[in-house]
Amino acid sequence: MIEVVAAVSAATSAFNAIKKGVELGQDIENMAGALGKWMGAVSDIRKAEEYNRKPPLFKKIFSATSIEEEALQIFMAKKKAEDMREQLRQIIMLTRGMGAWQELLKTEADVRKRRQKLIYDQKERQKFWLEAGAITTLIILIFSTVGFVIYLYMKSRGIT
């Protein structure tokens, strides 16, 4: 559901932009876009971990990668995100102080809540309807097959 590799790539790209901005002397406020992208990517990594703990029904059956392999990808992504977070904390605390870091954490929580409401809830609804449609189709197919077999049996016995 959430592409971990893409989230790590987005987080790394945004983090590098933030580091470069700090090296060039830009204020953290001027790097709000990169910070937002980084926060969103980290949020996606966390959500991917949640999905991996409770994978959708058809992912368990038809997934190209094993759940264990995906769990390892997510673990590595989480560790990389933690490392970036620690470096970002140091950068912000050195340039803006402890208050700025606390404010950033609050902003990150707000971003995560908004993403949860907008993006992740929509993906949950899509997942639900996709699974419901697939299950309904499977049930119709099973009943149609059973009905056809009964029809053929009755026809061969001359009942119809």
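Predicted, not measured: the structure shown is a model, and the values here were computed from it. This chain uses plain numbering: 1 for the first residue, then up along the sequence.
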Are any side-chain N or O atoms of [X] and backbone N or O atoms of [Y], one a donor and one an acceptor, separated by less than 3.5 Å?
X    : Y    : result
T137 : G133 : yes
S13  : S9   : no
S43  : M39  : no

F15 side chain near Q87 side chain, heavy-atom distance below 4.5 Å: yes
Kindly give the heavy-atom pair with the smallest separation between [X] and [Y], and that separation in Å.
X    : Y   : result
A7   : A41 : O-CB, 3.3 Å
A48  : I74 : O-CD1, 3.3 Å
A81  : W38 : O-CZ2, 4.1 Å
K19  : I91 : CG-CD1, 3.8 Å
W101 : L88 : CZ3-C, 4.1 Å

Spatial distance of atom [atom1] ([X]) from atom [atom2] ([Y]) [nearest 0.5 Å]:
X    : Y    : atom1 : atom2 : value
L72  : M76  : CG    : CE    : 6.5 Å
T12  : M84  : OG1   : CE    : 4.0 Å
I45  : E3   : CD1   : CD    : 11.5 Å
K37  : I18  : NZ    : CD1   : 10.5 Å
I140 : T136 : CD1   : OG1   : 6.5 Å

Do we see a donor-acceptor contact under 3.5 Å between the side chains of Q90 and E86? yes
What about I150 and I159, same hydrophobic cluster or not, with Ile/Leu/Val/Met/Phe/Trp/Tyr joined at side-chain heavy-atom distances under 4.5 Å? yes
When hydrophobic residues are tied together by side-chain contacts of less than 4.5 Å, even through go-betweens, does L35 share a cluster with L105? yes
K127/E124 under salt bridge (Lys or Arg N to Asp or Glu O under 4.0 Å): CA gap, chis, key distance, verdict: CA-CA 5 Å; K127 180 182 88 168; E124 287 290 327; 3.6 Å; yes
Might you confirm whether atom CD of E103 has over 12 heavy atoms from other residues, nucleotides or ligands at distances under 6.0 Å? no
Pairing of E82 and R85 as salt bridge, 4.0 angstrom limit: no
Is any side-chain N of the basic residue among K106 and D110 closer than 4.0 Å to the acidic one's carboxylate O? yes
